[in-house]
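What's counted below: heavy atoms across the whole structure, side chains too, no hydrogens, waters or symmetry copies. Positions are given from 1 along the sequence.
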Amino acid sequence: MKATIWHNPKCGTSRKTLAILENLSKVEVEVVEYLKDPPSAEKLAQLYKDAGITPQQGLRLRGTDAEERGLPAADDATVLAAMAAEPMLIERPLVETDKGARLCRPQDRVLEIL
């Protein structure tokens, strides 16, 4: 099985999620440091749809100006465009496998798609 993780190495939850993936021999892990290589608005829309959440639910509030900019109440297209332009607004980690996608907060949520 292949798993792609949109990862921030400075984030403890992201590191713990990556460790879970790396410790499973059946999983081939692709790591994307999304702050350096951000996903497109279209890819984010697909990930959130597959995870069963809205873009607003995937918005990082802590340590960002998302609330001041009114992003939690904005429409999907506005939120996705902001995330693609400023990847710090993406809550992490996002993981995608052939079984779906999850925003892995807490990190054990990754087990739902393995």
Distance-minimising heavy-atom pair for Ala81 and Ala41
N-CB, 4.4 Å
Asp50/Gln46 under side-chain contact (heavy atoms from CB on, under 4.5 Å): CA gap, chis, key distance, verdict
CA-CA 6 Å; Asp50 291 350; Gln46 177 251 306; 2.5 Å; yes
Kindly write out the residues that satisfy salt bridge (Lys or Arg N to Asp or Glu O under 4.0 Å) with Lys36, not counting sequence neighbours, or none if the list is empty.
Glu33
Donor-acceptor pair, Thr97 side chain versus Leu114 backbone, under 3.5 Å?
no
Would you give the length of the straight line joining atom CG of Leu47 to atom CD of Glu42, rounded to the nearest 0.5 angstrom?
11.5 Å
Student check: side-chain heavy atoms of Met88 and Met83 closer than 4.5 Å
no
Residues that Lys43 engages under salt bridge (Lys or Arg N to Asp or Glu O under 4.0 Å), provided they are two or more places apart:
Glu96
Does one hydrophobic cluster hold both Leu103 and Leu89, with members joined at side-chain heavy-atom distances below 4.5 Å?
yes
Hits for side-chain hydrogen bond (donor to acceptor under 3.5 Å, both in side chains) against Asp75, two or more places apart or cross-chain, chain-then-number order -> Thr78
Report the distance from atom CD1 of Ile5 to atom CD1 of Ile20, rounding to the nearest 0.5 Å.
9.0 Å
Roughly how far, to the nearest 0.5 Å, is the CG atom of Asp98 from the CD1 atom of Ile113?
9.5 Å
Whether Arg102 side chain and Val95 backbone form a donor-acceptor pair below 3.5 Å
no
Is there a donor-acceptor pair closer than 3.5 Å between any side-chain N or O of Arg105 and the backbone N or O of Arg92?
yes
Membership question, hydrophobic clusters at under 4.5 Å side-chain separation (ILVMFWY): are Val31 and Leu35 in the same one?
no
In chain order, what residues pass the side-chain hydrogen bond (donor to acceptor under 3.5 Å, both in side chains) check against Gln57, with sequence neighbours excluded?
Thr54
Could you list the residues that satisfy salt bridge (Lys or Arg N to Asp or Glu O under 4.0 Å) with Arg69, not counting sequence neighbours?
Asp65, Glu86
Counting C-beta onward and ignoring hydrogens, is there a side-chain heavy-atom pair between Pro93 and Trp6 closer than 4.5 Å?
no
Out of curiosity, His7 NE2 to Thr13 OG1, how far, rounded to the nearest 0.5 Å?
11.0 Å
Ignoring hydrogens and geometry, is there a side-chain-to-backbone donor-acceptor pair from Ser14 to Asn8 under 3.5 Å?
yes
What heavy-atom pair brings Pro72 and Leu61 nearest, and what distance separates the two atoms?
CG-CD2, 3.8 Å
Report yes or no: do Leu111 and Ile53 belong to one cluster of Ile/Leu/Val/Met/Phe/Trp/Tyr joined by side chain heavy-atom distances under 4.5 Å?
no
So, Lys16 side chain and Gln107 main chain: donor-acceptor pair closer than 3.5 Å or not?
no
Reported CG-to-OH distance for the pair Leu59 and Tyr48, which is rounded to 0.5 angstrom
7.5 Å
I'd like to check the side-chain hydrogen bond (donor to acceptor under 3.5 Å, both in side chains) partners of Glu30; sequence neighbours left out, ordered by chain and number.
Lys2, Thr4
Testing the basics here: between Leu80 and Ala45, what is the closest heavy-atom pair and its distance to 0.1 Å?
CD1-CB, 3.7 Å
Separation between CG (Leu94) and CG (Leu44), nearest 0.5 Å, reads 7.0 Å
Going hydrophobic residue to hydrophobic residue with side-chain gaps under 4.5 angstrom, can you get from Leu18 over to Ile90?
no
Give me the atom names and distance for the closest heavy-atom approach of Ser40 to Ala84.
C-CB, 4.2 Å
